[in-house]
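Remarks on the structure that follows.
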Amino acid sequence: MLTMEDIIREGHATLRQVAEPTDIPPNEEDKKTLQSMMDFLLHSQDPEIAEEYNLRPGVGIAAPQINIPKRMIAVRTTNHKDELEEYGLFNPKIISHSAETTFLESGEGCLSVDREITGTVPRYSRIKVEGYDLNGEKVVKRFRGFLAIVFQHEIDHLNGIMFYDRIDEDDPYKETLPPKEVINRTEHEEPLS
Ligand code: N9Y
Ligand code: NI
């Protein structure tokens with residue numbers, strides 16, 4: 001069973017690596033790991049188990065957080081209709097997203113971060129995710145609201161990105177994403193004669 005001791009913290013190099021894709025169909029070892037990540041979320045959300053093992057309740061976890069640099073994530077939370085949504089995915093990928101952005105009013109935290117970090121973490125409002133489940137079956141699904149934010153936080157971990165990387169240094173409460181590419185115009189302009 002995974003506990004907080006299995007979760008690596010800020011400063012550990014694995015959190016900054018780009019994780020490797022898993023085999024598809026997934027091998028037994030990776031399946032076991034992903035199942036243990038899903039169990040961790042379940043345990044952490046059970047008040048009695050969480051108290052007994054001192055677990056911080058989580059709605060998502062990515063394999064790099066348990067020092068396994070492979071592309072695996074687990075998500076467990078309720079949707080806007082208060083229905084349970086549970087996912088364990090190999091090689092998840094955002095295949096499209098809205099132009100519109102959103103953010104968690106209360107800011108974000110992370111099981112790998114033991115300090116309070118204030119500021120707005122802009123996220124896409126709606127995303128379409130592709131990945132493979134524990135049976136190796138392809139999953140393609142759209143998410144919005146809190147679930148979309150959780151998936152973006154987890155997929156960021158697979159790319160070595162921490163939530164605070166997305167807080168604007170000069171304007172921590174800025175609510176929009178920076179442009180994908182800031183083009184250096186002068187480079188393309190003809191010099192003045
Ligand atoms: C676990 C994080 C993932 C979430 C952070 C923001 C979006 C995804 C996590 C630490 C504190 C507790 C918990 C949390 C929560 C938030 C709002 C509503 C209900 C994975 N992690 N938490 N962060 N819970 N519950 O680091 O679950 O935010 O990569
Ligand atoms: Ni996190």
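First listed ligand is number 1; within each ligand, the first listed atom is number 1. Values below: every heavy atom of this structure, side chains too, minus hydrogens, waters and symmetry copies.
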Counting only N and O atoms by type, is there a donor-acceptor contact under 3.5 Å from the side chain of E175 to the main-chain atoms of P122? no
Under 4.0 Å to a heavy atom of H153 - the qualifying atoms of ligand 1, by number: 3 (C), 5 (C), 6 (C), 8 (C), 20 (C), 21 (N), 26 (O), 29 (O)
Around R16, counting heavy atoms of other residues, nucleotides and ligands shown, do more than 12 lie under 6.0 Å from its CZ? yes
Is the backbone of R9 close enough, under 3.5 Å, to the side chain of S112 for a donor and an acceptor to pair up by distance? no
Backbone or side chain, does any N or O of L111 fall under 3.5 Å from an N or O of ligand 1? yes
Within the 4.0 Å heavy-atom shell around R56, which atoms of ligand 1 are there? 10 (C), 11 (C)
Before signing off on this row, confirm whether S112 and ligand 1 have an N or O atom pair separated by under 3.5 Å. no
Test of geometry: compute the angle SG(C110)-the Ni ion (ligand 2)-NE2(H157) and round it to 10°. 100°
With a 6.0 Å cut-off on the ring centroids, do Y124 and F151 count as close? no
Of the protein's non-hydrogen atoms, which lies at the shortest distance from atom 28 (O) of ligand 1, and what is that distance? V59 CG2, 4.8 Å
Among all protein non-hydrogen atoms, which one is nearest to atom 5 (C) of ligand 1, and what is the separation to 0.1 Å? G109 O, 3.3 Å
Check each of F163, F151, F146 against atom 18 (C) of ligand 1 and report the one with the nearest heavy atom. F146
Ligand 1 atoms in contact with E154 (distance to a heavy atom under 4.0 Å): 3 (C), 20 (C), 21 (N), 29 (O)
More than 12 heavy atoms of other groups within 6.0 Å of R126 CZ: yes
Which of these, G58, P57, A148, P64, has its nearest heavy atom closest to atom 12 (C) of ligand 1? P57
Atom indices of ligand 1 within 4.0 angstrom of G60 heavy atoms, with elements: 1 (C), 20 (C), 21 (N), 27 (O)
Does atom CD (E116) have a neighbourhood of more than 12 heavy atoms from anything else shown, all under 6.0 Å? no
Taking C-beta and beyond as the side chain, do I7 and L2 meet within less than 4.5 Å on heavy atoms? no
Note: P69 and T14 closest approach over all heavy atoms is CB-CG2, 4.2 Å
